[in-house]
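Everything numeric in this text was worked out from a predicted model, so none of it was measured.
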Number of protein chains: 2
Amino acid sequence: MILDIDINASRNRKTIGMAESMNIIELKNKGITPTKHTMALLGLFNMHKHLDANQIFSLLQYNGVEVSVATIYRILTNLETKNVIQKHNFNNEQATYELVIPNEHHDHIICVSCNKVVEFMDDTIEQLQNKIALENNFHILHHSLNIYGICTDCDVRNDTYQL
Amino acid sequence: MILDIDINASRNRKTIGMAESMNIIELKNKGITPTKHTMALLGLFNMHKHLDANQIFSLLQYNGVEVSVATIYRILTNLETKNVIQKHNFNNEQATYELVIPNEHHDHIICVSCNKVVEFMDDTIEQLQNKIALENNFHILHHSLNIYGICTDCDVRNDTYQL
DNA sequence: TTGCATGCAAACTGTTTGCAGGCCA
DNA sequence: TGGCCTGCAAACAGTTTGCATGCAA
């Protein structure tokens, strides 16, 4: 696994282990026990919008939170079930997770070189998808639109190599 | 694995083991050895547009073609490299493959209940994606747009259950 | 004291690979 | 004969699970 994230980003925060985006009461209302591990995990998403299980494991360890991979997967599964986080399969390797923001939806552009993920949202595309589902007699549940490409940073880097 | 495909579809064909969509010369030109296994595998795509490794294994076995799973994966990887077939990750379980038709592109609607896959294509969406990639300074390579929903058949079935 | 959260290790699934045997040009 | 195709079994990665322990309400 390549950990191409700024691992210091979360270390520099003062209150490791507290998710800003959702307070304890909200969590409890959803039937989630706000354990130390769950809170620490959620806290990571303040700094990193997209994380996979291994990155979470590394970041927690780096932040001094002792936790097993099994627990991380259990927490992730639980949070996903309760619709607190969302799972993506950007590649055929490991799954990536991000926080669910109510009434907010977006799609993703993924750099196949550095795995950077950029979010975007296009109303026209959204509407067209609904139309298409309707035309094909599908009751639409959700969708995933991923654009894969090379970001500017990597493009520049590749140019340099070719000199 | 649920083998929800008409397994007889391929048995009823006269010439099992011959892919209509691509002749032997074309394959050789692409550096693919047209072995019995490769041809039989490709032949399956005449009847089934979307197949995963396990379905391929079952169908081949059913058609009397003895082959190991390892070989299937090797053939699939090879064909994908040579751009004869295309790999999709519709769900986080196994990968699905389909034939590449030159100059033809489409996206997919997947029924989360029966795994049926319907293809569609929308020029406006395609163009918007290019625009979005450009706006975000990505050199676009490809994309995957999957709409997940419930197809009419399954909707009806579910209604029945609820009676 | 009860129940849920956790760690550990084993299991499991999809996929890949090393190695030895076999087939065909 | 040489090279590639193949099968087998083992390896591998990501993920899940059974069981025993332990913490917390």
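- Taking only side-chain atoms of Y73(B), from C-beta outward, the nucleotide of dG7(D), dT15(C), dT16(D) with the closest atom is dT15(C).
- I72(A) has its CD1 atom 13 Å from the C1' atom of dG14(D), to the nearest Å.
- Rounded to whole angstrom, the span from the CG atom of N89(B) across to the C1' atom of dA13(D) amounts to 15 Å.
- In this structure, H108(B) and H106(B) have perpendicular ring planes: the angle between them is above 60°, well past the 30° mark.
- Among the nucleotides dG7(D), dC8(C), dG14(C), the one closest to any side-chain atom of R74(A) is dC8(C).
- The main-chain N or O of Y73(B) is found under 3.5 Å from a side-chain atom of T77(B) such that the two form a donor-acceptor pair.
- Listed candidates were dC8(D), dT6(C), dG7(C). Nearest to the side chain of I75(A) is dT6(C).
- Considering only heavy atoms from C-beta on, N63(B) comes within 4.5 Å of L44(B) through its side chain.
- Summarising the geometry, the separation between CD on Q55(A) and P on dT15(D) is reported as 11 Å, rounded to the nearest angstrom.
- Distances shorter than 4.0 Å separate none of the side-chain N or O atoms of H37(B) from OP1 or OP2 on dC5(D).
- Residue contacts shown for V69(B) are absent, as no nucleic acid heavy atom lies under 4.0 Å away.
- Look at CD on Q94(A): it is 18 Å from P on dG14(C), rounded to the nearest Å.
- dC4(D) atom C1' lies 15 Å from atom NZ of K36(B), rounded to whole Å.
- Regarding L27(B), its CG atom lies at a distance of 16 Å from the C1' atom of dC5(D), rounded to whole Å.
- Rounded to a whole Å, the CD atom of E66(B) is 9 Å from the P atom of dC8(D).
- Listed candidates were dT15(C), dT16(C), dG14(D). Nearest to the side chain of A53(B) is dT15(C).
- Phosphate proximity of dT6(D) to T71(B): absent, as no side-chain N or O sits under 4.0 Å from OP1 or OP2.
- In terms of position on DNA chain D, the residue among A70(B) and T33(B) whose nearest nucleotide sits closer to the 5' end is T33(B).
- Within the 4.5 Å cutoff, the side chain of Q86(A) has no heavy atoms near those of the H105(A) side chain.
- Atoms CZ (F57(A)) and C1' (dT15(D)) sit 14 Å apart, rounded to a whole Å.
- For T35(A), counting side-chain heavy atoms from C-beta on, the closest listed nucleotide (dG7(C), dT6(C), dT6(D)) is dT6(C).
- L27(A) has its side chain within reach of L42(A): a pair of non-hydrogen atoms, C-beta onward, lies under 4.5 Å apart.
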